[in-house]
Protein chains: 2
Amino acid sequence: MVLNANYTHKKIIKAAHKLFMDLGYRAVSTRRIAEACGITQPTLYHHFSNKKAIYMEVLRTELVDMQNALSRIIKRFEDDIEECLFQVTYYILINKPPSMGQMFHDIQKELDQEHQGIVRKWWMESYQDPIASIFEKGINDQKLRNPSEIGSDPVSSAYLLLSLISSRNTDYKLKESLAKEQARFYVKVILYGLSQSNGQ
Amino acid sequence: MVLNANYTHKKIIKAAHKLFMDLGYRAVSTRRIAEACGITQPTLYHHFSNKKAIYMEVLRTELVDMQNALSRIIKRFEDDIEECLFQVTYYILINKPPSMGQMFHDIQKELDQEHQGIVRKWWMESYQDPIASIFEKGINDQKLRNPSEIGSDPVSSAYLLLSLISSRNTDYKLKESLAKEQARFYVKVILYGLSQSNGQ
DNA sequence: AAAACAGTCTATCGATTGATAGATATGTAT
DNA sequence: ATACATATCTATCAATCGATAGACTGTTTT
């Protein structure tokens with residue numbers, strides 16, 4: 001075959017992605033990744049310089065995919081902020097939940113300062129900016145409170161929503177219907193709160 | 001000395017607590033714990049049967065302390081739900097923030113099913129039940145919406161608040177004033193939401 | 001005084017880890 | 001056909017891990 005490298009490369013990333021997200025960086029050995037690919041462990045080092053490089057590539061593809069997905073959703077529902085937040089929440093809840101806490105943990109604990117900076121940039125582009133843009137539009141359209149009123153701003157609102165989504169009570173694989181319910185709940189609370197004195 | 005064991009025991013838990021919460025279970029070796037105590041690594045095994053037993057004792061003391069602190073705060077501010085939520089949020093934010101995500105990660109990834117069950121019981125007693133009791137009182141006093149309205153209930157509301165508190169953007173050591181601001185923000189959002197159409 | 005125990009130490013075990021050396025086979029370019 | 005590059009392999013390294021064996025010391029119990 002002409003370029004087997006590309007194929008094996010992708011196979012490694014795919015297997016490593018699942019393992020890293022399921023079990024965490026430290027709990028996944030290079031031998032286990034190789035085994036999942038049907039190759040031997042030293043072969044990994046022909047395609048990647050070290051374990052961390054594999055992990056970085058896993059993160060990069062993961063975050064690029066998320067950026068594309070969220071951009072698509074936001075463009076489609078941008079006129080209705082509640083529906084837009086729901087669709088985004090639902091999408092992330094269905095596709096990512098258990099990985100997210102894991103991911104943040106590993107980024108913070110296993111990567112050095114330099115690599116953290118790189119990943120943080122990717123993460124801002126894929127999660128923070130798109131979601132913050134929803135809230136920003138809501139503020140501009142006067143559908144959300146003025147930031148000065150409550151101390152909110154688009155970015156911290158985005159963090160807020162992401163905190164809920166990546167919360168630890170979503171360990172289990174969410175069924176679609178349950179995830180829908182959960183997403184509706186999160187969006188309702190973020191927009192209207194739990195207090196009695198609100199219309200809808 | 002008559003009972004040096006008790007002293008060393010506590011010294012180990014204290015050092016292990018800091019290390020486990022800062023770096024995570026897997027990243028902390030028994031040698032490092034011993035070094036932080038000024039003893040040798042095998043000595044740990046005279047006081048604890050294995051590494052996991054040290055971690056379990058760390059969790060137990062941590063959660064018992066939290067239970068006492070939260071009970072005290074809730075008793076003191078139970079008449080004003082917003083102030084009560086603020087005080088609880090602020091206390092946790094000041095005392096615990098980076099540890100929490102770490103803790104949940106380790107409990108889920110490093111402990112077997114049996115130990116997870118034990119810790120989960122401790123965690124419910126220390127965090128979930130006290131905080132849920134605040135929301136329950138709010139519902140009974142008709143200050144919060146009826147659960148059927150929005151899909152909320154005291155327990156999932158407690159989860160909601162804890163998700164915000166343990167969110168990843170609180171890595172750094174929070175300054176007191178900043179933590180106050182953060183806590184007010186969280187409580188406002190949970191009670192009143194970000195939407196425009198609200199009183200207060 | 002003798003026996004038992006508590007608490008710490010040194011030395012070491014077997015397993016696993018990330019990573020490298022170097023051989024081999026296959027395909028490409030000259 | 002020869003030379004080179006790619007992709008994989010076997011074998012192995014040094015480091016680190018959690019844990020144990022067994023000696024030594026001081027205190028408590030009998």
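Side-chain atoms are counted along with the backbone in the values below, which use heavy atoms only and exclude waters and symmetry mates. The sequence lines fix the lettering, A, B, ..., with proteins before strands; numbering per chain opens at 1.
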For the pair made of [atom1] in [X] and [atom2] in [N], what is the distance, rounded to whole Å?
X: Asn50(A); N: dT17(C); atom1: CG; atom2: P; answer: 17 Å
X: Ile33(B); N: dT8(C); atom1: CD1; atom2: P; answer: 15 Å
X: Ile54(B); N: dG18(D); atom1: CD1; atom2: P; answer: 9 Å
X: Glu110(A); N: dT17(C); atom1: CD; atom2: C1'; answer: 13 Å
X: Leu44(A); N: dT17(C); atom1: CG; atom2: C1'; answer: 13 Å
X: Glu35(B); N: dG18(D); atom1: CD; atom2: P; answer: 13 Å
X: Phe48(A); N: dG18(C); atom1: CZ; atom2: C1'; answer: 16 Å
X: Gln41(A); N: dG18(C); atom1: CD; atom2: P; answer: 7 Å

Inset, instruction - Indicate yes or no: at least one non-hydrogen side-chain atom of Phe48(B) is less than 4.5 angstrom from one of His9(B). - result: yes
Of all the nucleotides listed ([options]), which has the minimum atom distance to the side chain of [X]?
X: Tyr45(B); options: dA19(D), dT10(C), dT10(D); value: dA19(D)
X: His46(B); options: dT8(C), dT10(D), dA19(C); value: dT8(C)
X: Arg31(A); options: dA21(D), dG18(C), dT6(D); value: dG18(C)
X: Thr8(B); options: dA19(C), dT8(C), dT10(C); value: dT8(C)

Inset, instruction - Determine: side-chain N/O of Thr40(A) to OP1/OP2 of dC9(D), distance under 4.0 Å, yes or no. - result: yes
Inset, instruction - Would you please confirm or rule out a distance under 4.0 Å between OP1 or OP2 of dT8(D) and any side-chain N or O of His47(A)? - result: yes
Legend entry - Residues in contact with DNA chain C, drawn from residues 15-30 of chain A - heavy-atom cutoff 4.0 Å: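 Residues of residues 15-30 of chain A that come under 4.0 Å of DNA chain C are, in numerical order, Val28(A), Ser29(A), Thr30(A).
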Legend entry - Non-hydrogen atoms of His47(A) and Thr8(A) that approach each other most closely: NE2-CG2, 3.5 Å
Inset, instruction - Assess whether atom CD of Glu181(B) is packed by more than 12 heavy atoms of other residues, nucleotides or ligands within 6.0 Å. - result: no
Legend entry - N-O pairing of Glu57(B) and Arg60(B) below 4.0 Å: yes
Legend entry - Lys/Arg N to Asp/Glu carboxylate O, Glu62(B) vs Lys96(B), below 4.0 Å: yes
Inset, instruction - Would you mind telling me which residue lines up with the more 5' stretch of DNA chain D, Thr43(A) or Pro42(B), judged by nearest nucleotide? - result: Thr43(A)
Inset, instruction - Return the orientation label for the His105(A) and His105(B) ring planes: parallel under 30°, perpendicular over 60°, tilted otherwise. - result: parallel
Legend entry - Residues in ring pair (Phe, Tyr, Trp, His ring centres under 6.0 Å) contact with Tyr127(B), at least two apart in sequence or another chain: Trp123(B)
